[in-house]
**Q** 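The structure that follows is given in the form of structure tokens.
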Amino acid sequence: MSDTQYAYAVARIRALETSLFSSSVIEQLIACKDQEAALRFLQEKGWGGADTALNADAILTREREKIWETIKEMHVDMDVFDVLSYPNWFHNLKAAVKEVCTGESGANIFYEGTPVPKEEMVRIIKEKDYKALPENMRQAAEEAVEALLHSGDGQLCDVIIDRATMDAIKEAGRLSKDEIIRDYAESTVAVANIKIAVRSSKTAKSLEFMKRAMAPCDSLNVDALAHAALAGMDSIMEYLNGNGYAEGAEALKESPSAFERWCDNRIIQTIKPQKSNPFSVGPLVAYVIARENEIKTVRIILTCRQNGLPDDSIRERVREMYV
Amino acid sequence: MLDLLENVGGTGWAILGAALAVILSGCGSAYGVGIAGQAASGVVTEDPDKFAKVLIMQLLPGTQGIYGLLVAFITLSKIGLLGGGAEDLEVMTGIMILAACLPIAIVGLVSARNQGKTSVAAIGIVAKKPDQFGKAMLFPAMVETYAILALLISILAITAIPI
């Protein structure tokens with residue numbers, strides 16, 4: 001599909017971007033006194049559907065469905081969006097491995113709409129029919145099952161599958177002709193590596209653990225990052241400052257929630273150039289990421305409101321908006 | 001080669017010039033209007049109130065096709081095909097008319113394609129900021145300048161060729 005073939009879709013996305021929440025709308029949402037008022041505000045903004053209950057989960061689920069309904073209506077190549085769903089696909093693999101190996105049926109939540117449905121995924125793991133899985137999942141599935149069966153170490157199982165997720169995202173970026181997919185893949189993997197370094201440093205994990213968990217990427221030297229994590233948080237901040245992630249170091253210094261916010265903001269900053277791109281699939285991918293980010297931010301605000309957190313604490317957790 | 005020139009004849013070369021002016025500039029306009037139309041449809045799908053504004057944007061790359069048609073009319077009139085009194089032209093005269101048609105043919109094709117793409121980008125502005133319609137229209141209108149320059153040269157050259 002040539003870039004100009006996206007003219008219809010991109011123009012439609014431009015029209016849809018006018019209804020994305022800006023920072024001022026998010027401020028209005030924060031100003032709602034309780035969760036019910038916030039939900040009513042969302043309904044006034046067109047969130048949910050005509051028959052959707054005044055319930056946070058129902059409204060947010062409906063909004064997520066709307067994203068993909070809109071994209072599918074545009075009749076574009078849906079394979080481009082696979083990379084955005086990899087975390088869900090691999091999450092289902094993780095859930096199936098744990099369900100089969102621990103025998104606790106129903107304890108794990110599966111995402112719907114993945115290429116391998118829940119029942120099929122469980123069957124594959126049970127029968128060790130790994131060839132039925134997508135190629136980028138096979139090895140991780142086998143290793144995770146072996147690790148969980150032999151050592152009973154759930155964390156090792158998580159690490160194996162999370163690493164495979166990152167490798168799959170990075171590989172999708174490497175193979176993609178679209179700049180946005182390459183940039184998204186690089187940012188996602190780099191941010192995930194930084195998160196691993198921070199958490200490993202806090203929980204005093206070994207160098208081997210970090211090397212097993214981190215996926216190589218272009219903007220970070222994972223070996224150096226892992227060594228910095230071993231030396232402590234100050235070393236991580238120093239490393240980030242010297243490698244183009246100074247804002248991340250600042251956020252890390254500020255608070256854990258500020259750091260989590262920066263991780264998401266970094267992805268939004270990566271996709272922002274798509275606002276002025278009239279052709280290619282970039283604006284569509286950016287719209288999907290922006291909507292997911294918007295829904296995540298609204299969920300954070302609603303949860304904070306429900307738990308009675310003060311406005312300042314909510315603002316600290318609010319993500320940067322795309323528009 | 002000389003045989004080919006002689007066999008086609010002066011009138012044949014002149015008609016080829018007129019045909020190229022219509023075909024190339026028409027193809028460019030068809031592409032430009034087509035792609036801008038796709039973008040306009042995308043905006044109208046979500047916001048039908050913007051129909052009039054995006055329609056104007058879509059039409060901008062259509063002018064090159066009209067310029068090509070105008071040059072073809074002048075050419076056919078010049079060589080007497082429209083009035084019914086066609087004369088046998090010298091081969092050299094026919095080739096000169098062909099050359100005179102080329103500016104609008106080639107520039108029409110290239111400018112219409114690029115104007116179409118610029119219109120798509122401008123439609124994006126209208127989709128997000130309809131109050132900036134005037135500014136948005138200027139960007140594709142700039143591309144028009146070069147089609148008009150080519151049109152002028154083609155008309156001046158055709159009318160100046162003695163028959």
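We use all heavy atoms of the structure for the numbers below, so side chains are in, but hydrogens, waters and symmetry mates are not. Order of the sequence lines sets the chain letters (A, B, ...), proteins ahead of strands, with each chain counted from 1.
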**Q** Could you tell me which residues satisfy salt bridge (Lys or Arg N to Asp or Glu O under 4.0 Å) with B:K78, sequence neighbours excluded, listed by chain and number?
**A** none

**Q** In residues 125-148 of chain B, which residues are in contact with chain A at a heavy-atom separation under 4.5 Å?
**A** B:A127, B:K128

**Q** Are there more than 12 heavy atoms of other residues, nucleotides or ligands under 6.0 Å from atom CD of A:E69?
**A**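 More than 12 within 6.0 Å, yes.
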
**Q** Report, as yes or no, whether the 6.0 Å neighbourhood of atom CG on B:D88 holds more than 12 heavy atoms from other residues, nucleotides or ligands.
**A** no

**Q** Should we count CD of A:Q269 as having more than 12 external heavy atoms under 6.0 Å?
**A**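 Count over threshold, so yes.
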
**Q** Could you tell me whether A:E73 atom CD has more than 12 heavy atoms of other residues or ligands within 6.0 Å of it?
**A** yes

**Q** With chain B as the partner chain, list the residues of residues 12-35 of chain A whose heavy atoms fall under 4.5 Å from it, by residue number, and write 'none' if nothing qualifies.
**A** A:R12, A:R14, A:A15, A:L16, A:E17, A:T18

**Q** Mind checking the CZ-CD1 spacing from A:F279 to B:I35? Nearest 0.5 Å is all I need.
**A**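 Here the interatomic distance stands at 4.5 Å.
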
**Q** Can you check whether anything in residues 104-120 of chain B gets within less than 4.5 Å of chain A, heavy-atom wise, and list it by number?
**A**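 B:K117, B:V120, listed by number.
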
**Q** Relative to chain A, which segment of B:S41 carries a heavy atom at a distance below 4.5 Å: side chain, backbone, both, or neither?
**A**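 Both parts, heavy atoms under 4.5 Å.
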
